[in-house]
Amino acid sequence: MEEGIFILTEDRAGEYRFRFQLRNGQILGSSEGYASKAGCRRGVESVRRNASKADIVEEGYGRCPKFELFSDRSGKFRFRLLASNGEAILASDAYSDVKQAEEACRKVQYLAISSPVEDHSV
C-alpha cells in the first residue's frame with residue numbers, strides 16, 4: 001500500500017515550501033514559497049481539505065476545487081491543484097503522458113488527507 005508524506009523545507013532566501021511525495025521518494029507535487037512556516041502549514045491543510053473533493057479536469061474547465069491538467073511548452077503533461085478560491089496550492093512535475101498525470105492526481109486525492117508532515121526546515 002502506498003503512503004504519502006508532506007515534507008516542509010526552507011530555502012536559502014528564507015521561504016518555506018512543501019512537497020507532497022510518496023514514501024518511495026516519488027514527488028507528486030510542490031508548493032510555491034511562503035513567508036512563514038505557519039503559512040506553509042496552512043498550505044498543507046488546504047491541500048488536505050481540497051484534494052479529496054477536487055475533480056480532475058482539463059485546463060480552463062470545471063469548478064474549484066479542481067486538479068487542472070495541462071500540456072507545457074515541451075508537450076509534457078502537468079497538473080495544478082486549485083483550492084476552492086481558485087488559488088494554486090500544489091503543482092506537479094512533468095509527466096510524459098496524460099494518464100500518468102491523472103494517476104498522480106488520484107494519488108494526491110486519496111493519500112493527502114491522512115499523510116503526515118515532516119519538518120525538514122532549519
Side-chain angles (χ1 to χ4, degrees):
M1 177 178 187
E2 289 182 313
E3 293 181 12
I5 187 167
F6 289 94
I7 306 287
L8 271 61
T9 59
E10 182 180 6
D11 64 22
R12 290 189 174 140
E15 284 193 319
Y16 294 89
R17 300 175 186 278
F18 65 85
R19 66 182 180 271
F20 183 66
Q21 67 183 52
L22 300 179
R23 289 282 184 179
N24 68 11
Q26 177 189 356
I27 298 172
L28 298 175
S30 302
S31 74
E32 54 186 39
Y34 292 88
S36 69
K37 189 183 290 190
C40 189
R41 287 187 176 274
R42 284 191 298 274
V44 168
E45 291 308 314
S46 184
V47 170
R48 286 180 170 157
R49 265 192 323 275
N50 288 282
S52 64
K53 57 188 172 187
D55 291 326
I56 302 171
V57 298
E58 289 181 37
E59 184 175 27
Y61 293 94
R63 297 178 64 189
C64 294
K66 63 183 175 180
F67 286 92
E68 194 170 59
L69 295 168
F70 63 97
S71 178
D72 64 19
R73 288 186 211 158
S74 67
K76 302 281 185 174
F77 295 91
R78 298 175 181 269
F79 71 81
R80 58 186 151 246
L81 173 58
L82 303 179
S84 54
N85 65 2
E87 183 178 335
I89 53 177
L90 191 70
S92 75
D93 287 337
Y95 294 93
S96 58
D97 68 52
V98 72
K99 290 188 187 283
Q100 290 175 329
E102 289 171 346
E103 180 60 27
C105 292
R106 283 191 284 279
K107 288 178 182 180
V108 175
Q109 283 176 318
Y110 179 72
L111 297 172
I113 198 160
S114 62
S115 294
V117 176
E118 282 188 9
D119 188 344
H120 292 200
S121 64
V122 206

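Source: prediction; values computed, not measured.
- By the 4.5 Å heavy-atom criterion applied to side chains, Ser115 and Val44 are not counted as neighbours.
- Between Leu22 and Glu3, every side-chain heavy-atom pair lies at or beyond the 4.5 Å cut-off.
- The cluster map of Ile, Leu, Val, Met, Phe, Trp and Tyr, joined by side-chain heavy atoms under 4.5 Å apart, puts Tyr110 and Tyr95 in the same cluster.
- The distance from atom CZ of Arg19 to atom CG of Asp93, rounded to the nearest 0.5 Å, is 10.5 Å.
- To the nearest 0.5 angstrom, Leu28 atom CG is 9.5 Å from Glu103 atom CD.
- Exactly one of Asn50, Asp55, Ile56 qualifies for a side-chain contact (heavy atoms from CB on, under 4.5 Å) with Gln109. That residue is Ile56.
- Glu15 and Gly33 get closest at one heavy-atom pair: OE1-CA, 3.9 Å.
- Taking the six-membered ring where the residue is Trp, Phe6 and Phe18 present perpendicular rings, their angle passing 60° and hence far from 30°.
- Smallest separation of non-hydrogen atoms from Tyr16 and Ser36: CD1-C, 3.4 Å.
- Salt bridge annotation for Glu2-Lys107: present, with a cationic side-chain nitrogen under 4.0 angstrom from a carboxylate oxygen.
- The two residues Pro116 and Arg23 have their closest heavy-atom pair at CG-NH2, 3.4 Å.
- In this structure a side-chain-to-backbone donor-acceptor pair under 3.5 Å is missing from Lys66 to Ser84.
- Asn24 places a side-chain N or O within donor-acceptor distance of the main-chain N or O of Gln26, the cut-off being under 3.5 Å.
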Using the salt bridge (Lys or Arg N to Asp or Glu O under 4.0 Å) rule, take Asp119 and Lys37 through it: C-alpha gap first, then chi angles, then the decisive distance, then the call. CA-CA 9 Å; Asp119 188 344; Lys37 189 183 290 190; 2.8 Å; yes

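- A distance-only check finds a donor-acceptor pair linking the side chain of Ser92 to the backbone of Phe79 [under 3.5 Å].
- Using a 4.5 Å heavy-atom cutoff, the side chains of Val117 and Arg48 are in contact.
- Residue Cys64 comes nearest to Ala83 through the heavy atom pair CB-O, 3.1 Å, listed as atom of the first residue, atom of the second, then distance.
- Looking only at side-chain heavy atoms (C-beta outward), Glu68 and Leu81 stay at 4.5 Å or farther from each other.
- A 4.5 Å side-chain heavy-atom check between Ile27 and Gln21 finds at least one atom pair inside the cut-off.
- No single ILVMFWY cluster, assembled from side-chain heavy atoms under 4.5 Å apart, contains both Ile113 and Leu8.
- Here Leu69 contributes atom CG and Phe67 contributes atom CZ; the two are 9.5 Å apart, rounded to the nearest 0.5 Å.
- Linking Ile, Leu, Val, Met, Phe, Trp and Tyr whenever their side-chain heavy atoms come within less than 4.5 Å leaves Tyr34 and Ile7 in two separate clusters.
- In terms of modelled atom types and a separation under 3.5 Å, the side chain of Gln100 and the main chain of Ser96 share a donor-acceptor contact.
- Between Glu59 and Arg80 there is a salt bridge, since a side-chain N of the basic residue sits under 4.0 Å from a carboxylate O of the acidic one.
- In this structure, the side chains of Ile89 and Ser46 come closer than 4.5 Å at one or more pairs of heavy atoms.
- Side-chain atoms of Leu111 and Phe20, non-hydrogen and from C-beta on, do get closer than 4.5 Å to each other.
- A 4.5 Å side-chain heavy-atom check between Arg17 and Ser30 finds every atom pair outside the cut-off.
- Taken together through direct or relayed side-chain contacts under 4.5 Å among Ile, Leu, Val, Met, Phe, Trp and Tyr, Leu90 and Val98 form part of one hydrophobic cluster.
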